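Chain A is the first sequence line, chain B the second, and so forth, proteins listed ahead of strands; every chain is numbered from 1. Owing to the predicted nature of the structure, the values given are computational and were not obtained by experimental measurement.
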Protein chains: 2
Amino acid sequence: MNAVPKAPEPQLTRSVEDYLKSVFHLTNQGGFATTSDIAAMLEVAPPSVSGMMKRLSETGLIEHVPYRGVQLTPQGRRAALQMIRRHRILESYLTSKLNYDWGDVHDEAERLEHAVSEKLIERMADALGEPRYDPHGAPIPTAAGEIEETELATLADTEVGASVILREVGDEHPDRLHYLAEQGLTPGVRLTVVDRQPFNGPTIVRLNEGMTRVVGQELALLLLCRPVGSDGE
Amino acid sequence: MNAVPKAPEPQLTRSVEDYLKSVFHLTNQGGFATTSDIAAMLEVAPPSVSGMMKRLSETGLIEHVPYRGVQLTPQGRRAALQMIRRHRILESYLTSKLNYDWGDVHDEAERLEHAVSEKLIERMADALGEPRYDPHGAPIPTAAGEIEETELATLADTEVGASVILREVGDEHPDRLHYLAEQGLTPGVRLTVVDRQPFNGPTIVRLNEGMTRVVGQELALLLLCRPVGSDGE
DNA sequence: TTTGATAATTAGGCTAGCCTAATGCCCTGT
DNA sequence: ACAGGGCATTAGGCTAGCCTAATTATCAAA
């Protein structure tokens with residue numbers, strides 16, 4: 001008689017949401033997320049991960065291959081992308097509307113993403129004009145659960161002489177982000193690689209405006225770039 | 001050598017925050033909050049309350065008189081007022097800036113209040129111009145932890161013939177709030193009590209604009225009013 | 001003053017998540 | 001082919017919060 005009211009969608013705990021996000025990020029390049037990588041990312045002990053993986057595969061959110069690792073099921077992926085959308089919309093909203101610094105949004109979003117309703121996220125997205133990238137340049141999944149996948153190279157992998165656009169900063173540590181902003185290294189900026197020191201030494205780049213920056217290996221690995229001319233948005 | 005770094009202020013759990021808020025609301029008229037009132041308000045079983053009261057008095061947030069009830073210590077009161085400030089600022093922000101209906105803000109704020117930082121609340125308060133009342137007319141505690149205490153009478157207690165200003169709606173149920181808004185019964189409106197039916201019957205009021213409303217006892221108890229002329233803000 | 005209703009507490013158990021210690025699996029290097 | 005190292009898992013324990021059932025305190029009414 002009655003239409004079946006969709007799937008119940010079981011209402012996840014904060015902890016489960018965090019595990020799913022971790023698995024998503026760790027499997028983004030394909031393959032399995034390992035117990036110890038998840039443990040490191042969430043700062044818990046490995047047995048906690050084993051235990052949670054067991055529960056999550058029982059509820060069908062992940063596929064667990066013992067001693068190999070885990071992958072998200074379609075359902076788990078949907079949940080993870082929803083959390084990532086929440087996180088990135090929140091970051092965008094905080095920077096645009098409440099004057100947050102891009103280094104400070106991550107922690108706030110990390111707590112809020114577990115508490116906001118779908119409705120609130122969509123209101124925020126709407127108020128922002130449905131942004132496609134967060135303040136760090138990361139793509140925001142759509143409400144339907146699609147996410148743009150682009151191949152980006154790190155600045156550390158960019159060859160000397162190449163010109164690139166800095167598209168995304170793959171880091172969330174306030175200190176590093178503050179430093180990068182001071183240096184003018186924010187998404188959208190155009191960079192030309194002038195030189196690189198040997199033995200994983202720093203990369204020397206020239207910005208748009210002609211200024212020069214010396215970027216150490218550690219930071220250069222966080223700066224994700226696209227060659228100039230391979231079309232931007 | 002080093003200055004003592006203030007009190008550690010122990011970082012409360014969600015649950016503790018909820019208990020403190022309940023105790024605050026239940027002791028607002030003075031006196032003790034009883035175990036069963038707290039249990040009813042939080043929808044938990046009484047023994048859960050007894051257990052929590054024990055923990056809270058050990059951490060110095062409440063004063064527990066066995067078989068009598070509890071009261072907040074100054075520290076507990078501070079924490080409770082902080083939560084209430086968060087809640088009411090959130091409600092205000094959601095209605096003003098994100099187009100939320102006043103009936104829908106409560107549930108959203110109830111979840112967010114446990115996740116927001118002090119900083120975010122102050123940014124929101126600032127963006128709103130430091131509002132003094134939330135969308136239901138309830139006073140917002142200051143960041144310093146002061147709250148306005150005003151004597152308000154319910155509409156049900158207002159005598160026939162009196163003119164009053166509706167100051168606050170003491171309810172958070174979406175349905176009732178939606179209904180009241182439809183009827184034009186929102187904070188700030190001026191009402192004249194035209195008549196009241198006997199035996200706790202409805203109160204008949206005339207609004208500003210001359211329209212008449214019949215308000216049942218249950219709702220009339222939620223409408224908190226101040227006599228006209230006893231100065232408003 | 002005793003009694004009984006009502007409310008509060010204690011006793012005892014459960015789950016989710018975390019931990020450490022002990023054990024088990026897998027794979028690489030000899 | 002197998003020995004070890006390293007990672008994963010199991011075993012067992014802890015805490016916060018919740019529950020129900022059993023017990024105890026309080027207070028008002030007979």
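- One atom, CG of B:Asp18, and another, C1' of D:dC18, lie 14 Å apart when rounded to the nearest Å.
- Per the geometry, CZ belonging to B:Phe32 stands 19 Å off P belonging to D:dA25, to the nearest Å.
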Subject >> Annotated protein contacts, base or backbone, on nucleotides 3-14 of chain D with a non-hydrogen cut-off under 4.0 Å, one of B, S, - each >> reply: ----SSBB----
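- The number of heavy-atom neighbours closer than 6.0 Å to CD of A:Glu63, taken from other residues, nucleotides and ligands shown, is 12 or below.
- Between the CD atom of B:Glu58 and the P atom of D:dA16 there is a distance of 10 Å, given to the nearest Å.
- Rounding to whole angstrom units, CG of residue B:Leu56 and C1' of D:dG17 are separated by 12 Å.
- Residue B:Lys119 qualifies as enclosed at atom NZ: its count of foreign heavy atoms under 6.0 Å is above 12.
- The existence of a salt bridge linking A:Glu91 and A:Arg86 is excluded, since no basic side-chain nitrogen approaches an acidic carboxylate oxygen closer than 4.0 Å.
- In this structure, A:His114 places its NE2 atom 12 Å from P of C:dG17, rounding to the nearest Å.
- Residue B:Arg55 places no side-chain N or O under 4.0 Å from the OP1 or OP2 atom of D:dA16.
- For B:Leu221, the side chain to side chain contact (heavy atoms under 4.5 Å, CB included) partners at least two apart in sequence or on another chain are B:Thr154, B:Ala156, B:Gln217.
- Residues B:His106 and B:His87 bring their aromatic ring centres within 6.0 Å.
- Contact check, B:Tyr19 against D:dC18: a side-chain N or O comes under 4.0 Å of OP1 or OP2.
- Following rounding to the nearest Å, B:Met52 (CE) and D:dT15 (C1') show an atom-to-atom distance of 12 Å.
- Considering only side-chain N and O atoms, B:Ser15 lies under 4.0 angstrom from the phosphate OP1 or OP2 of D:dC18.
- The CD1 atom of A:Ile38 sits 15 Å away from the C1' atom of C:dG17 (whole-angstrom rounding).
- Crowding of A:Arg68 atom CZ: a count of heavy atoms from other residues, nucleotides or ligands under 6.0 Å not exceeding 12.
- Between C:dC19 and A:Ser48, a contact under 4.0 Å exists linking OP1 or OP2 to a side-chain N or O.
- Closest approach of B:Trp102 and B:Ala181 over heavy atoms only: NE1-CB, 3.6 Å.
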